[in-house]
Amino acid sequence: MFTEELKAFKRLGFRHVLLQVLNFASVIASGLMIWKGLGIITNSESPIVVVLSGSMEPAFYRGDLLFLTNPANQLYQTGDITVYKIPGADIPIVHRVLETHDTKPKQSSKTASISAVPLSRQRLLTKGDNNYVDDIELYKGLEWLERKHIVGKVRGFLPYVGYVTIAMNDFPQLKYALLGGLGLLALIQRE
């Protein structure tokens, strides 16, 4: 089945194979740099996420690709759709802010002025649009979400594009077959 490709691979020579490996490594490194650059620009550890459940239907469906930002100087408002991650949980959760709780720090008389609540003091309660109850049970002992738990605010989405990710997670053999096939193509291609 792959006899011709294997013969072509043997004919390429060591230098050409090394060049192909370096090209493949540069493509991977470029992808990682773009991902980290997006993270810095959006102030989010994960600027793109995939909806994995139906808890936000009808706003977002399973497989939708979400684009996030985490504005450092803005408070979250009731109704904002956020992505959060609880310590010890691997999967981020996409839910709507149901309630905000802003605690104001004590101010001395010298600095008494009207100012916004510091972002680190804002607490959030969330709920999935398709869920009957709020997310307190998901918080694993926390009463409120804090700013440090928030991955980002949803700014846009592409419907159903994330199904590729879901398929690769549900069927790990597919993921390894695709990665192996891409690696083999990168080595065999003569360009």
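Predicted model only: the values in this text are computed from it and were never measured.
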Answer whether the closest heavy-atom distance between the side chains of I166 and R62 falls below 4.5 Å.
->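 In contact.
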Under 3.5 Å, is there a donor-acceptor pair between the S55 and H95 side chains?
->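 Short answer, yes.
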Side chains of S46 and S44, donor plus acceptor under 3.5 Å | no
First locate atom [atom1] of [X], then atom [atom2] of [Y], and finally report the distance between them rounded to the nearest 0.5 Å.
{"X": "T69", "Y": "L38", "atom1": "OG1", "atom2": "CG", "result": "12.0 Å"}
{"X": "N23", "Y": "I28", "atom1": "CG", "atom2": "CD1", "result": "12.0 Å"}
{"X": "I93", "Y": "I86", "atom1": "CD1", "atom2": "CD1", "result": "6.5 Å"}

Taking all atoms of both residues into account, what is the closest heavy-atom pair of [X] and [Y], and its distance?
{"X": "D102", "Y": "Q122", "result": "OD1-CG, 3.1 Å"}
{"X": "T126", "Y": "V97", "result": "CG2-CA, 4.2 Å"}
{"X": "R147", "Y": "Q74", "result": "NH1-O, 2.9 Å"}
{"X": "P92", "Y": "V83", "result": "CB-CG1, 3.6 Å"}
{"X": "K85", "Y": "D90", "result": "CE-O, 3.5 Å"}
{"X": "W35", "Y": "P47", "result": "CZ2-CD, 3.7 Å"}

Tell me, please, which residues at least two apart from K140 pass salt bridge (Lys or Arg N to Asp or Glu O under 4.0 Å).
-> none
So, D129 and R96, do they make that salt bridge, N to O below 4.0 Å?
->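 Between R96 and D129 there is a salt bridge, with a charged N closer than 4.0 Å to a carboxylate O.
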Ring pair (Phe, Tyr, Trp, His ring centres under 6.0 Å) against Y139, all qualifying residues, sequence neighbours excluded =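 Once residues adjacent in sequence are excluded, the partners of Y139 under the ring pair (Phe, Tyr, Trp, His ring centres under 6.0 Å) criterion are Y84.
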Ring pair (Phe, Tyr, Trp, His ring centres under 6.0 Å) with W144: which residues, sequence neighbours excluded?
->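 Expected list: H101.
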Check against salt bridge (Lys or Arg N to Asp or Glu O under 4.0 Å), K153 and D80 = CA-CA 7 Å; K153 178 193 288 191; D80 286 344; 3.2 Å; yes
Heavy atoms from other residues, nucleotides or ligands near CD1 of I91 exceed 12 (cutoff 6.0 Å) | no
Could you walk me through whether D64 and Y163 pass side chain to side chain donor-acceptor pair (under 3.5 Å), step by step?
-> CA-CA 7 Å; D64 288 355; Y163 264 114; over 6 Å; no
Between F157 and F67, ring centroids under 6.0 Å =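 Between F67 and F157, which both carry aromatic rings, the centre distance is not below 6.0 Å.
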Can you check side-chain contact (heavy atoms from CB on, under 4.5 Å) on L66 and V51, steps first, answer last?
-> CA-CA 7 Å; L66 306 179; V51 178; 3.6 Å; yes
